[in-house]
Amino acid sequence: MEFVHKSVLFDESVKALNLDNSKIILDGTAGGGGHSREIAKTAGLLISVDRDPDAIAVLNERLGDLNNVKIVHDNFSNIKKILNDLDIDGIDGMLLDLGVSSFQLDTADRGFSFHKDAPLDMRMSKTGISAADVVNTYSESDLADVIYKFGEEKFSRSIAANIVKTRAEKPITTTFELVDIIKSSMPQRAMRDGHPARRTFQAIRIEVNRELDVLRSTLDDAFDCLNSGGRIAIITFHSLEDRIVKEKFNDWGKGCTCPKEFPVCVCGNKPKGKVFKAISPSKKELEDNPRARSSRLRVFEKY
């Protein structure tokens, strides 16, 4: 199985973990093992986690013979259970490379890409509800809400209405069927700003995989598992997930919350750690990998 993924902000994210051979690192989105392979060169112990069974098969092929790597088929949101099962009390770093991988996009039958005709799937774990389930069973109002909330698509109501109208004739089962519906729901001028299906596909994918809920629930658990001096490095790819990470990191890094007019602090709140400045891809990386265009790397160090 050829699992290819162009890791975005690769050098920057590995460097951000401040590695040495005494540290335990968890790569929560190990994918094809690009980040994991590099981290394993320096870390004392690496825990490579992925929910995608295809990724796990490749990780076992590529990293299975390394003594300092443990490969776990699970969702990174279960970090506390993962560490408990491994009898590990805490970690010194965690990396999350969010969103869909290049492998998942480029493998047509996974149904993530609007450029390839395939069954509507989009399940990162290959389990649970699929994109076809969302498109064919959600009410018109729920569809419109998902597309607007998770895709920030201003034509969400028109798209939802046309999905419901089309599925009344027959179920919508392929990516290109959905793309055609989306195109027919938008004015011609809207086609100029990137692919017309991009926002709707993002929205449905987020809904299918509960990506934002999983991220929110993971952050506080990851903080609890982090040893003093440990770092969390997260690569985001759109404003919705980036906002969640930014706000949580800033909340951890915030000290006194008393009103400015108070002469002395009475809340007693102290910063829980240090927030580093967000990093964007270099011009060269953007030229080499257009998928990096909206990515950001955010890093937090626990005190």
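The figures that follow rest on heavy atoms only: side chains count, while hydrogens, waters and symmetry mates do not. Since this is a predicted model, take the numbers as computed values, not measurements. All residue numbers in this chain count up from 1 along the given sequence.
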Colleague: For residues Q202 and E211, determine if any side-chain heavy atom of one lies less than 4.5 Å from a side-chain heavy atom of the other.
Modeller: no
Colleague: At what distance, to the nearest 0.5 angstrom, does CD1 of I91 lie from CD1 of I24?
Modeller: 8.5 Å
Colleague: How long is the gap from CD1 on I159 to NZ on K154, to the nearest 0.5 Å?
Modeller: 11.5 Å
Colleague: Which atom pair, heavy atoms only, marks the closest approach of C225 to K80?
Modeller: SG-CG, 3.7 Å
Colleague: Considering only residues two or more places apart or on different chains, which pairs with a residue in residues 271-282 satisfy side chain to side chain donor-acceptor pair (under 3.5 Å)?
Modeller: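 Output for this query lists S280-R296.
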Colleague: Does the R123 side chain pair with the main chain of G128, one donor and one acceptor, at a distance under 3.5 Å?
Modeller: yes
Colleague: For the CD atom of E177 and the CD1 atom of I163, what is their distance to the nearest 0.5 Å?
Modeller: 11.5 Å
Colleague: Would you say the side chain of V134 lies within less than 4.5 Å of the side chain of L143, judging by non-hydrogen atoms?
Modeller: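 The answer is yes; the side chains approach within 4.5 Å.
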Colleague: Which heavy atom of S185 sits nearest to which heavy atom of N162, and what is that distance?
Modeller: OG-ND2, 2.7 Å
Colleague: What residues, two or more places apart in sequence or in another chain, satisfy salt bridge (charged side-chain N to carboxylate O under 4.0 Å, His left out) together with D85?
Modeller: K81
Colleague: Examine distances only and state if a side-chain atom of R298 and a backbone atom of F276 form a donor-acceptor pair shorter than 3.5 Å.
Modeller: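 The answer is no, because no donor-acceptor pair under 3.5 Å joins these two groups.
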Colleague: For D92, is there any backbone N or O sitting under 3.5 Å from a side-chain donor or acceptor partner on K23?
Modeller: no
Colleague: CD of E287: more than 12 outside heavy atoms within 6.0 angstrom?
Modeller: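 Result for CD/E287: enclosed.
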Colleague: List the steps, then state whether side chain to side chain contact (heavy atoms under 4.5 Å, CB included) holds for I279 with K15.
Modeller: CA-CA 12 Å; I279 300 173; K15 182 180 179 181; over 6 Å; no
Colleague: Does some side-chain heavy atom of H195 sit less than 4.5 Å from a side-chain heavy atom of V179?
Modeller: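 Counting from C-beta outward, V179 and H195 do come under 4.5 Å.
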Colleague: Would you compute the distance between atom NZ of K116 and atom CZ of R110 and round it to the nearest 0.5 angstrom?
Modeller: 14.0 Å
Colleague: For R37 and V69, what are the C-alpha separation, side-chain angles and deciding distance, and is it a side chain to side chain contact (heavy atoms under 4.5 Å, CB included)?
Modeller: CA-CA 9 Å; R37 187 194 305 273; V69 176; over 6 Å; no
Colleague: Could you walk me through whether E241 and I234 satisfy the side chain to side chain contact (heavy atoms under 4.5 Å, CB included) test, starting with their C-alpha distance in whole Å, then the side-chain angles of each, then the deciding distance to 0.1 Å, before giving a yes or no?
Modeller: CA-CA 10 Å; E241 60 192 14; I234 302 180; over 6 Å; no
Colleague: Out of curiosity, does I244 fall in the hydrophobic cluster containing L98 (side-chain heavy atoms, cut-off under 4.5 Å, transitive links)?
Modeller: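 Yes, L98 connects to I244 through the hydrophobic network.
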Colleague: Answer whether the closest heavy-atom distance between the side chains of E207 and Y138 falls below 4.5 Å.
Modeller: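 Yes, side chains in contact.
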Colleague: Keeping the roles fixed (side chain from N209, backbone from M122), state whether a donor-acceptor pair exists under 3.5 Å.
Modeller: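 At least one qualifying donor-acceptor pair exists.
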Colleague: Hey, are S295 and E285 close enough side-chain-wise for a donor-acceptor pair under 3.5 Å?
Modeller: no
Colleague: Indicate yes or no: does D288 engage K284 in a salt bridge with an N to O separation below 4.0 Å.
Modeller: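 A salt bridge is present here (some side-chain N lies under 4.0 Å from a carboxylate O).
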Colleague: Is there any side chain to side chain donor-acceptor pair (under 3.5 Å) pair reaching into residues 39-48, and which pairs are they, with sequence neighbours excluded?
Modeller: S36-S48, E38-K41
Colleague: Does CG in D65 sit with more than 12 non-hydrogen atoms of other residues, nucleotides or ligands closer than 6.0 Å?
Modeller: yes
Colleague: Strictly distance-based, threshold 3.5 Å: is any side-chain N or O of R62 a donor or acceptor partner for the main-chain N or O of G32?
Modeller: yes
Colleague: Without swapping roles, check the side chain of T200 against the backbone of A197 for a donor-acceptor pair under 3.5 Å.
Modeller: no
Colleague: Tell me every residue that passes ring pair (Phe, Tyr, Trp, His ring centres under 6.0 Å) with H73, counting only those two or more places apart in sequence or in another chain.
Modeller: none
Colleague: When rounded to the nearest 0.5 angstrom, what distance separates CG in D11 from OG in S13?
Modeller: 7.5 Å
Colleague: Look only at the side chain of D221 and the backbone of I79, and say whether a donor-acceptor pair between them is shorter than 3.5 Å.
Modeller: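 It does not hold such a pair.
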Colleague: I need the minimum non-hydrogen distance between I25 and L17, along with the two atoms involved.
Modeller: CG2-CD1, 4.1 Å
Colleague: Got F112 and S101 here, is their nearest side-chain heavy-atom distance under 4.5 Å?
Modeller: no
Colleague: Say whether L226 and Y303 are linked into one hydrophobic cluster, either directly or through other cluster members, by side-chain heavy-atom distances under 4.5 angstrom.
Modeller: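 The answer is no; the residues belong to distinct hydrophobic clusters.
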Colleague: Within the supplied structure, the quantity of interest is the number of heavy atoms (other residues, nucleotides, ligands) at a distance under 6.0 Å from R167 CZ; does it exceed 12?
Modeller: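 Yes, the 6.0 Å shell around CZ holds more than 12 heavy atoms from other groups.
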Colleague: Tell me, do I88 and I47 make a side-chain contact under 4.5 Å, heavy atoms counted?
Modeller: yes
Colleague: Hydrophobic clustering (ILVMFWY, side-chain heavy atoms < 4.5 Å, transitive) - are M191 and F114 grouped together?
Modeller: yes
Colleague: Taking the side chain as everything from C-beta on, heavy atoms only, tell me whether M94 gets closer than 4.5 Å to F76.
Modeller: yes
Colleague: Of the non-hydrogen atoms in A292 and P281, which two are nearest, and what is the gap between them?
Modeller: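 Residues A292 and P281, closest heavy atoms: O-CG, 3.2 Å.
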Colleague: Counting only N and O atoms by type, is there a donor-acceptor contact under 3.5 Å from the side chain of D50 to the main-chain atoms of G31?
Modeller: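 Yes, because the side chain of D50 sits within donor-acceptor range (under 3.5 Å) of the backbone of G31.
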Colleague: Who passes ring pair (Phe, Tyr, Trp, His ring centres under 6.0 Å) against F300, sequence neighbours left out?
Modeller: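 Only F249, W252 meet the ring pair (Phe, Tyr, Trp, His ring centres under 6.0 Å) criterion with F300.
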Colleague: Checking S130 against D133: is there a side-chain donor and acceptor pair closer than 3.5 Å?
Modeller: yes
Colleague: What pairs with F150 under ring pair (Phe, Tyr, Trp, His ring centres under 6.0 Å), at least two apart in sequence or on another chain?
Modeller: none
Colleague: With the threshold set at 4.0 Å, does a side-chain nitrogen-carboxylate oxygen contact exist between K183 and D180?
Modeller: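 Judged by the 4.0 Å cut-off on N to carboxylate O distance, K183 and D180 do not form a salt bridge.
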Colleague: As an exercise, state the distance from CE of M124 to OG1 of T29, rounded to the nearest 0.5 Å.
Modeller: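 The distance works out to 9.5 Å.
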Colleague: Regarding D121 and K126, does a basic nitrogen lie under 4.0 Å from an acidic carboxylate oxygen?
Modeller: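 No, D121 and K126 are not salt-bridged.
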Colleague: For the backbone of V214 and the side chain of S217, can you confirm whether one donor and one acceptor N or O come within less than 3.5 Å of each other?
Modeller: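 Confirmed, S217 side chain pairs with V214 backbone.
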Colleague: Take atom CG of D20 as the centre, draw a 6.0 Å sphere, and report whether it contains more than 12 heavy atoms from other residues, nucleotides or ligands.
Modeller: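 Check passes, neighbour count above 12.
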Colleague: Please examine the side chains of L83 and L26, heavy atoms only from C-beta on, and report whether any two atoms are closer than 4.5 Å.
Modeller: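 Yes, close enough: below the 4.5 Å cut-off.
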Colleague: Which heavy atom of C267 sits nearest a heavy atom of C258, and at what distance?
Modeller: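 Result for this residue pair: N-SG, 3.3 Å.
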Colleague: Please indicate whether K270 has more than 12 foreign heavy atoms, meaning atoms of other residues, nucleotides or ligands, lying under 6.0 Å from its NZ.
Modeller: no
Colleague: Going hydrophobic residue to hydrophobic residue with side-chain gaps under 4.5 angstrom, can you get from I147 over to V100?
Modeller: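 Yes, I147 and V100 fall within the same hydrophobic cluster.
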Colleague: Would a single hydrophobic cluster contain both F237 and L286, if residues Ile, Leu, Val, Met, Phe, Trp and Tyr are joined by side-chain heavy-atom contacts under 4.5 Å?
Modeller: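 No: no chain of side-chain contacts under 4.5 Å links L286 to F237.
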